[in-house]
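Take a look at the structure set out below.
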Amino acid sequence: MTELIFATGNKGKLAEVQKIFENTNFKIISLYDLGDVPEIEETGSTFAENALIKAEAIFNIHKMPVIADDSGLAVEQLNGDPGIYSARYAGENCTYDDNNKKLIKVLREYDTPHKAKFVCSAIYFDGANKITAVGELPGEIISEYRGTNGFGYDPIFLPDGFDKTLAELTTEEKNKISHRAKAFNKLRTQIEIR
Ligand code: IMP
């Protein structure tokens, strides 16, 4: 069993990634297990740069193999916004609800459908090797909240081909299609064949 620290303080992501690695040869250690969830400043200009910043910061503290991700929502009519700023779209220390409300309001100016995609850039770093993988999930933003599962923009994101939002799916169902599941499943395969 190989232990991997998942460099996130986001409990929604943690629950998903723990499930993705269930029944594999990897054990996911969370920052909560380690009793130290540092705030890491995301100063990169891409998802990939921010994922690396998180992985390196946590590796430097614990000197153990780390996985990390940076992810967000890219809305076509907003030229890819909120993108890397997805977590703080409505301002520093805002809530998921603040972000969803702001996005719905901004998109009122545009015709429907509001095509969008979630992007996840995942990375493995063990001090010597860096492995990266990307996953995307296309869909659209709707103007009312549906469902209470998941986190972030899940209640207003309808994945292509589904009549349920991500927040109306269970974690297992979301993990069959999500950007994060795609990225981490690819990453896991690459770590395994390394
Ligand atoms: P990060 O922690 O810097 O990667 O920020 C990711 C942000 O993007 C989250 O706070 C959410 O706002 C949004 N996001 C990323 N993945 C998801 C998802 O699977 N569902 C809903 N929102 C997501």
Side-chain angles (χ1 to χ4, degrees), residues 5-20 30-32 37-58 66-75 78 80-104 106-107 114 116-123 125 132-142 145-160 162 164-185 187:
I5 302 176
F6 183 29
T8 190
N10 179 324
K11 291 189 173 165
K13 284 187 184 179
L14 179 61
E16 288 180 19
V17 169
Q18 264 165 341
K19 274 227 172 344
I20 292 166
S30 81
L31 297 177
Y32 296 96
V37 187
E39 269 291 319
I40 300 163
E41 228 195 311
E42 295 175 23
T43 52
S45 56
T46 61
F47 291 120
E49 280 175 23
N50 281 335
L52 176 61
I53 288 169
K54 294 179 209 180
E56 285 181 334
I58 298 303
V66 174
I67 54 171
D69 84 342
D70 196 56
S71 53
L73 179 71
V75 180
L78 305 179
D81 278 352
I84 59 167
Y85 302 106
S86 293
R88 46 201 151 124
Y89 184 45
E92 292 299 326
N93 305 317
C94 64
T95 63
Y96 292 141
D97 190 46
D98 297 334
N99 286 334
N100 288 332
K101 285 201 173 113
K102 175 172 176 187
L103 186 58
I104 289 171
V106 168
L107 287 176
H114 308 303
K117 65 180 177 184
F118 275 119
V119 180
C120 175
S121 185
I123 187 164
F125 180 58
T132 59
V134 178
E136 294 191 353
L137 175 64
E140 68 176 279
I141 300 299
I142 57 168
Y145 288 38
R146 281 169 39 190
T148 53
N149 298 329
F151 67 97
Y153 299 93
D154 282 351
I156 58 168
F157 187 88
L158 203 57
D160 281 353
F162 285 73
K164 285 181 176 176
T165 67
L166 283 181
E168 292 175 302
L169 300 181
T170 63
T171 305
E172 285 81 4
E173 288 169 331
K174 183 176 172 186
N175 271 347
K176 287 193 183 127
I177 59 168
S178 85
H179 48 308
R180 187 162 298 100
K182 285 174 190 158
F184 277 105
N185 281 322
L187 193 71

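Whatever order the structure lists ligands and atoms in, that order sets their numbers, starting from 1.
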Q) What do you reckon, does E16 have a nitrogen or oxygen under 3.5 Å from a nitrogen or oxygen of ligand 1? A) no
Q: Please report which non-hydrogen protein atom sits nearest to atom 16 (N) of ligand 1, along with the residue it belongs to and the distance in Å to one decimal place.
A: R180 NH2, 2.8 Å
Q.
Using a 4.0 Å heavy-atom cut-off, which part of F151 comes near ligand 1: side chain, backbone, both, or neither?
A. both
Q.
For the backbone of G83 and the side chain of S86, can you confirm whether one donor and one acceptor N or O come within less than 3.5 Å of each other?
A. yes
Q) Closer than 4.0 angstrom: is that true for some heavy atom of D154 and an atom of ligand 1? A) yes
Q) Which ligand 1 atoms, with their elements, are less than 4.0 angstrom from a heavy-atom of K54? A) 1 (P), 2 (O), 3 (O), 4 (O)
Q) Where is the nearest protein heavy atom to atom 23 (C) of ligand 1: which residue, which atom, and how far? A) F118 CE2, 3.4 Å
Q) Are G72 and ligand 1 in contact, using a heavy-atom cut-off of under 4.0 Å? A) yes
Q.
Quick check on Y96 - does any of its heavy atoms sit under 4.0 Å from an atom of ligand 1?
A. yes
Q: Give, for atom CD1 of I5 and atom CZ of F125, the distance between the pair rounded to the nearest 0.5 Å.
A: 12.0 Å
Q | Shortest protein contact, atom 19 (O) of ligand 1 (heavy atom only) | A | K174 NZ, 2.8 Å
Q: Do me a favour and list the nearest non-hydrogen protein atom to atom 8 (O) of ligand 1 with residue, atom name and distance?
A: S86 CB, 3.3 Å
Q) Does ligand 1 have any atom sitting under 4.0 Å from a heavy atom of R88? A) no
Q. Is the backbone N or O of A48 less than 3.5 Å from a side-chain atom of D70, with the two atoms forming a donor-acceptor pair by type?
A. no
Q: Give the residue, atom name and distance (to 0.1 Å) of the protein heavy atom nearest atom 22 (N) of ligand 1.
A: Y153 N, 3.2 Å
Q | Sub-4.0 Å atoms of ligand 1 with respect to non-hydrogen atoms of G152 | A | 21 (C), 22 (N)
Q) Taking the six-membered ring where the residue is Trp, are the ring centres of Y153 and Y96 under 6.0 Å apart? A) no
Q) So between S71, A68, A87, whose heavy atom ends up nearest atom 6 (C) of ligand 1? A) S71
Q: For ligand 1, find out whether one of its N or O atoms is nearer than 3.5 Å to an N or O atom of D69.
A: no
Q. Is any N or O atom of D70, backbone or side chain, closer than 3.5 Å to an N or O atom of ligand 1?
A. yes
Q) If you draw a 6.0 Å radius around CD in E41, do more than 12 non-hydrogen atoms from other residues or ligands fall strictly inside? A) no
Q: Pull out every atom of ligand 1 sitting under 4.0 Å from any heavy atom of E42, numbered as shown with elements.
A: 3 (O)
**Q.** Inter-residue atom distance S71.OG - K13.NZ, 0.5 Å rounding
**A.** 4.0 Å
Q: List the closest protein heavy-atom neighbour of atom 4 (O) of ligand 1: residue, atom name, distance to the nearest 0.1 Å.
A: K13 NZ, 2.7 Å
Q) Less than 6.0 Å separating the ring centroids of F184 and F6? A) yes
Q. Is E136 salt-bridged to K182, going by a charged N under 4.0 Å from an acidic O?
A. no
Q: Give a yes or no on this: more than 12 heavy atoms of other residues, nucleotides or ligands lie within 6.0 Å of atom NZ of K117.
A: no
Q) Between D97 and K101, is there a salt bridge with N-O shorter than 4.0 Å? A) yes
Q) Quick one: does N50's side chain have a donor or acceptor within less than 3.5 Å of a partner on F47's backbone? A) no
